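These figures come from a predicted structure and were not determined experimentally.
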Amino acid sequence: MKRIALLFTFITTPLLANPCLEMESDYKVSCQERVIACNELETCKEVRNSCNTNVSTHEGCNNFMACVSNHFKKQTEDRSCLYEWSGQPSDQNKCENMNYRDIHTVAQECPGFKVFAGQFNDDTFTCEGHTKRYEKTLASCEEARNNLKRYCNIDKPAPETCESLKTAVVIDNEIPTLLAKREVSSSTRADKTIYEFTSLREKLNSYTRRFNSSSAK
């Protein structure tokens with residue numbers, strides 16, 4: 001009976017260990033993707049803040065392209081961020097990133113990078129898409145780490161903070177995104193306060209008119 005129990009333990013132990021090995025592999029892959037996404041975000045913000053012209057005009061786009069080209073002047077084409085001022089189906093011209101993920105090794109580092117129906121597109125040229133990609137990989141890394149701890153009692157260190165998240169993107173002749181949000185928020189609160197004050201004043205005036213009319217009778 002003991003031999004059967006030992007044999008059963010010997011056979012099942014590797015089977016029980018496999019899920020943990022698989023989860024540990026998922027942890028390594030997802031957390032490495034987080035590191036890569038952090039580096040891509042860092043490069044995007046570095047390039048955008050160095051070449052901070054407003055790309056919404058033809059002149060601004062050309063200046064941006066010249067600046068970016070100078071930034072990557074020691075690299076080959078597949079290691080450069082590429083742009084052009086091109087017409088859209090809607091007949092509106094705009095500055096477009098021309099990198100392809102499967103061809104250019106730096107594609108996902110480039111400000112304005114996007115793919116068809118991509119969930120991490122950087123349409124605003126503010127590295128917003130890169131930030132979303134990093135947050136997605138961070139969530140995957142943390143989930144894999146928690147699974148290892150919960151199901152396999154394997155404790156891995158928490159992922160380090162990506163310092164580039166703290167770097168603001170400031171574009172020439174534009175209000176920084178965070179500042180704009182604060183100003184809109186403050187403006188909304190001010191409008192609400194004015195509306196409430198005006199409504200209260202109208203009510204008081206209405207009461208006063210009623211009182212004076214009643215007194216006159």
Side-chain angles (χ1 to χ4, degrees), residues 22-23 25-58 60-69 71-72 75-147 159 161-162 164-171 174-178 180-181 184:
E22 186 174 345
M23 280 191 280
S25 177
D26 288 343
Y27 164 80
K28 291 178 180 178
V29 170
S30 61
C31 291
Q32 180 58 29
E33 288 177 346
R34 182 203 69 82
V35 173
I36 293 172
C38 176
N39 292 336
E40 291 171 345
L41 176 61
E42 179 180 8
T43 300
C44 180
K45 289 189 173 183
E46 177 188 338
V47 172
R48 194 61 181 108
N49 281 328
S50 297
C51 306
N52 66 342
T53 57
N54 188 329
V55 298
S56 62
T57 65
H58 189 190
C61 183
N62 285 338
N63 290 337
F64 178 72
M65 286 189 283
C67 178
V68 172
S69 177
H71 188 85
F72 289 98
Q75 305 292 349
T76 57
E77 182 174 300
D78 72 313
R79 292 285 304 170
S80 301
C81 293
L82 309 174
Y83 301 89
E84 71 174 26
W85 181 258
S86 63
Q88 300 298 300
S90 60
D91 295 326
Q92 291 182 347
N93 291 320
K94 66 182 298 185
C95 205
E96 275 198 297
N97 174 259
M98 303 304 294
N99 287 95
Y100 295 93
R101 183 171 50 194
D102 299 331
I103 299 175
H104 304 105
T105 55
V106 298
Q108 295 190 160
E109 300 176 7
C110 300
F113 177 74
K114 64 179 181 179
V115 295
F116 179 73
Q119 61 175 320
F120 305 122
N121 288 346
D122 185 35
D123 296 312
T124 61
F125 280 71
T126 58
C127 306
E128 180 181 7
H130 304 71
T131 300
K132 291 180 179 178
R133 185 187 301 119
Y134 171 77
E135 290 172 344
K136 176 72 173 179
T137 59
L138 174 61
S140 297
C141 174
E142 290 180 333
E143 181 181 10
R145 176 174 175 264
N146 292 335
N147 286 340
T161 301
C162 184
S164 297
L165 284 174
K166 305 174 184 177
T167 303
V169 173
V170 181
I171 301 172
E174 289 186 359
I175 300 174
T177 303
L178 294 177
K181 288 182 178 179
V184 169

Do you know the tightest heavy-atom contact between [X] and [Y]?
{"X": "Leu41", "Y": "Cys162", "value": "CD2-SG, 4.4 Å"}
{"X": "Thr53", "Y": "Gly60", "value": "OG1-O, 3.3 Å"}
{"X": "Thr161", "Y": "Tyr134", "value": "C-OH, 4.4 Å"}
{"X": "Ser50", "Y": "Glu46", "value": "OG-O, 2.8 Å"}

N/O donor-acceptor pair under 3.5 Å between [X] side chain and [Y] backbone:
{"X": "His130", "Y": "Gln108", "result": "yes"}
{"X": "Tyr27", "Y": "Asn147", "result": "no"}
{"X": "Asp122", "Y": "Lys114", "result": "no"}
{"X": "Asn54", "Y": "Ser56", "result": "yes"}
{"X": "Thr105", "Y": "Arg79", "result": "no"}
{"X": "Asn121", "Y": "Gly129", "result": "no"}

Measure the [atom1]-[atom2] distance between [X] and [Y] for me, rounded to the nearest 0.5 Å.
{"X": "Tyr83", "Y": "Met65", "atom1": "OH", "atom2": "CE", "value": "10.5 Å"}
{"X": "Arg133", "Y": "Glu33", "atom1": "CZ", "atom2": "CD", "value": "11.0 Å"}
{"X": "Glu22", "Y": "Asp26", "atom1": "CD", "atom2": "CG", "value": "6.0 Å"}
{"X": "Asn49", "Y": "Cys127", "atom1": "CG", "atom2": "SG", "value": "7.5 Å"}
{"X": "Thr137", "Y": "Glu142", "atom1": "OG1", "atom2": "CD", "value": "9.5 Å"}
{"X": "Ile36", "Y": "Glu109", "atom1": "CD1", "atom2": "CD", "value": "10.0 Å"}

Any side-chain heavy-atom pair of [X] and [Y] under 4.5 Å:
{"X": "Arg145", "Y": "Pro159", "result": "yes"}
{"X": "Glu128", "Y": "Lys132", "result": "yes"}
{"X": "Ser30", "Y": "Arg34", "result": "no"}

Q: Walk me through it: do Thr167 and Arg48 pass the test side-chain contact (heavy atoms from CB on, under 4.5 Å)?
A: CA-CA 11 Å; Thr167 303; Arg48 194 61 181 108; over 6 Å; no
(Q) Would you say that more than 12 heavy atoms from the other residues, nucleotides or ligands in this model lie under 6.0 Å from the CZ of Arg101, or not? (A) no
Q: Fit a plane to each ring of Phe64 and Phe125, take the angle between them on a 0 to 90° scale, and name the class: parallel (under 30°), tilted (30 to 60°) or perpendicular (over 60°).
A: perpendicular
Q. Would you say the side chains of Asn99 and Asn97 form a donor-acceptor pair under 3.5 Å?
A. yes
(Q) Run the ring pair (Phe, Tyr, Trp, His ring centres under 6.0 Å) test against Phe113 and tell me which residues pass, sequence neighbours left out. (A) none
Q: Not counting sequence neighbours, which residues clear side-chain hydrogen bond (donor to acceptor under 3.5 Å, both in side chains) with Asn146? List them please.
A: none
Q: Mind checking side-chain hydrogen bond (donor to acceptor under 3.5 Å, both in side chains) for His71 and listing every partner two or more places apart, or none if nothing turns up?
A: none
Q | Cys110/Cys44 sulfur atoms closer than 2.5 Å | A | no
Q. Stepwise, does the side-chain contact (heavy atoms from CB on, under 4.5 Å) test hold for Val170 with Asn52?
A. CA-CA 7 Å; Val170 181; Asn52 66 342; 5.6 Å; no
Q) Please walk me through it: do Asn39 and Val35 pass side-chain contact (heavy atoms from CB on, under 4.5 Å)? A) CA-CA 6 Å; Asn39 292 336; Val35 173; 3.9 Å; yes
